[in-house]
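Below: one structure, written as structure tokens.
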Amino acid sequence: MAILDRWTIDFVSSSVEQTTRLGVRLGELLQVHDLVCLSGELGAGKTALARGIGRGWGSGLRVTSPTFTLVNEYPRLADGRILYHIDCYRLEAAVDQMTAGLEDILFGSGAVMVEWPERIETLLPEDRLWIALTYVSETRRKLRISATGERSAELLEDFKKSAFGV
């Protein structure tokens, strides 16, 4: 793992299982109003990471990519709080973004993870954790995690401690 600064870290995951486990570590730390953006091409590992985040959040439901439904909801078993999972792959025009009702979710009372966030970047709150995943090989994925606000920087610090002990 390379700590680039307080706001950014880079590391390589060596397997789907490791990517999922890292997601679990992050999901355990999420709080209501946290926003996690998962960016990367098809096959980069976004869904594996999201699956782990949902498990760490404490949902009893299996996390799947909401490509055709746009939004999935994952209630936490402990308290019923919702982790929203938005997939913006099919959103192309500004009118799609506006009519989807995403602002209610993004500024609502749950935690949120967004796949293909670059498609709705103008709608996103400033304070967010942005995870860029890059395909390296059949088993390896590079992850760059960047925080853009005080809460996301705190979340990144906690994640570094939880996942890497630093």
Side-chain angles (χ1 to χ4, degrees), residues 1-11 13 19 22-41 44-54 56-59 63 65-67 69-76 79 81-134 141-164 166:
M1 178 194 59
I3 299 173
L4 303 180
D5 56 37
R6 176 179 181 228
W7 306 95
T8 310
I9 63 170
D10 276 349
F11 58 93
S13 171
T19 301
L22 291 165
V24 170
R25 297 285 186 167
L26 180 58
E28 291 170 341
L29 301 169
L30 286 183
Q31 298 176 10
V32 171
H33 304 296
D34 285 343
L35 172 60
V36 177
C37 298
L38 307 175
S39 175
E41 295 301 314
K46 295 183 298 295
T47 301
L49 189 61
R51 192 171 30 251
I53 291 170
W57 173 255
S59 176
V63 172
S65 190
T67 302
T69 58
L70 186 62
V71 180
N72 286 341
E73 296 180 9
Y74 300 102
R76 189 163 45 196
D79 61 10
R81 293 289 193 162
I82 303 292
L83 171 63
Y84 293 94
H85 184 189
I86 303 170
D87 187 324
C88 299
Y89 182 72
R90 298 204 178 278
L91 295 180
E92 294 183 18
V95 69
D96 293 336
Q97 299 169 15
M98 301 295 269
T99 60
L102 296 180
E103 287 182 348
D104 292 339
I105 294 170
L106 292 169
F107 296 94
S109 60
V112 181
M113 60 181 165
V114 179
E115 292 188 48
W116 302 94
E118 53 280 341
R119 297 193 178 215
I120 63 163
E121 196 163 358
T122 58
L123 295 178
L124 297 174
E126 276 299 310
D127 195 340
R128 59 187 178 238
L129 201 62
W130 192 285
I131 305 175
L133 295 99
T134 307
R141 302 296 188 269
K142 178 183 173 194
L143 289 85
R144 172 170 280 186
I145 303 180
S146 303
T148 59
E150 286 303 318
R151 169 60 195 148
S152 58
E154 178 183 316
L155 182 58
L156 181 57
E157 283 297 317
D158 292 344
F159 174 74
K160 287 188 291 191
K161 291 173 190 162
S162 174
F164 305 108
V166 294

Exercise: identify the closest heavy-atom pair between Leu38 and Ala50: CD1-CB, 3.9 Å
message: Looking at every heavy atom in both Trp57 and Tyr74, which two are closest together, and how far apart are they?
response: NE1-O, 3.3 Å
- prompt: When you measure from the side chain of Thr148 to the backbone N and O of Arg128, does any donor-acceptor pair fall under 3.5 Å?
  reply: yes
Main-chain N/O of Ser162 paired to Arg25 side chain as donor or acceptor, under 3.5 Å: yes
task: Would you name the heavy atoms of Phe11 and Leu22 that are closest together and state the gap between them?
output: CE1-CD1, 3.2 Å
field: Heavy-atom side-chain proximity of Arg6 to Glu157 below 4.5 angstrom
entry: yes
task: Enter the distance from Asn72:CG to Ser59:OG here, rounded to the nearest 0.5 Å.
output: 10.0 Å
message: Any side-chain to backbone donor/acceptor pair from Lys46 onto Gly40? Under 3.5 Å, distance only.
response: yes
field: Interatomic spacing from CD1 in Ile145 to CD1 in Ile9 - rounded to 0.5 Å
entry: 4.0 Å
- request: Measure the CD1-CD1 distance between Ile131 and Ile53 for me, rounded to the nearest 0.5 Å.
  value: 5.0 Å
message: Before you tell me yes or no, could you show the steps for Leu106 and Leu35 under side-chain contact (heavy atoms from CB on, under 4.5 Å), namely the whole-Å CA-CA distance, both residues' side-chain angles and the distance that decides it to 0.1 Å?
response: CA-CA 8 Å; Leu106 292 169; Leu35 172 60; 4.1 Å; yes
query: Looking only at heavy atoms, what is the nearest atom pair of His85 and Val63, with distance?
result: ND1-CG1, 3.8 Å
- request: Please examine the side chains of Leu156 and Thr8, heavy atoms only from C-beta on, and report whether any two atoms are closer than 4.5 Å.
  value: no
message: Is the shortest side-chain heavy-atom distance between Leu102 and Val114 below 4.5 Å?
response: no
field: Whether over 12 other heavy atoms sit under 6.0 Å from Glu41 CD
entry: no
message: Tell me if the CD atom of Gln31 is crowded by more than 12 foreign heavy atoms within 6.0 Å.
response: yes
field: Distance in Å, Ser13 OG paired with Leu49 CG, rounded so as to fall on 0.5 Å steps
entry: 9.0 Å
Other residues, nucleotides, ligands: >12 heavy atoms within 6.0 Å of Arg81 CZ: no
field: Side-chain (Asp127) to main-chain (Ser152) donor-acceptor, under 3.5 angstrom
entry: yes
query: Closest heavy-atom contact between Leu29 and Leu155?
result: CB-CD1, 3.6 Å
query: How many angstroms lie between CG in Leu30 and CG in Leu83, if you round to the nearest 0.5 Å?
result: 6.5 Å
- prompt: Once the angle between the rings of Tyr89 and Trp116 is folded into 0 to 90°, is it parallel (under 30°), tilted (30 to 60°) or perpendicular (over 60°)?
  reply: tilted
task: Please round to the nearest 0.5 Å and tell me the distance separating atom CG of Leu70 and atom CD of Glu115.
output: 11.5 Å
message: Main chain of Gly108, side chain of His33: is a donor-acceptor contact present, judged purely on distance under 3.5 Å?
response: yes
field: Closest approach of Tyr84 to Gly110 (non-hydrogen atoms, all atoms of both residues)
entry: CE1-CA, 4.0 Å
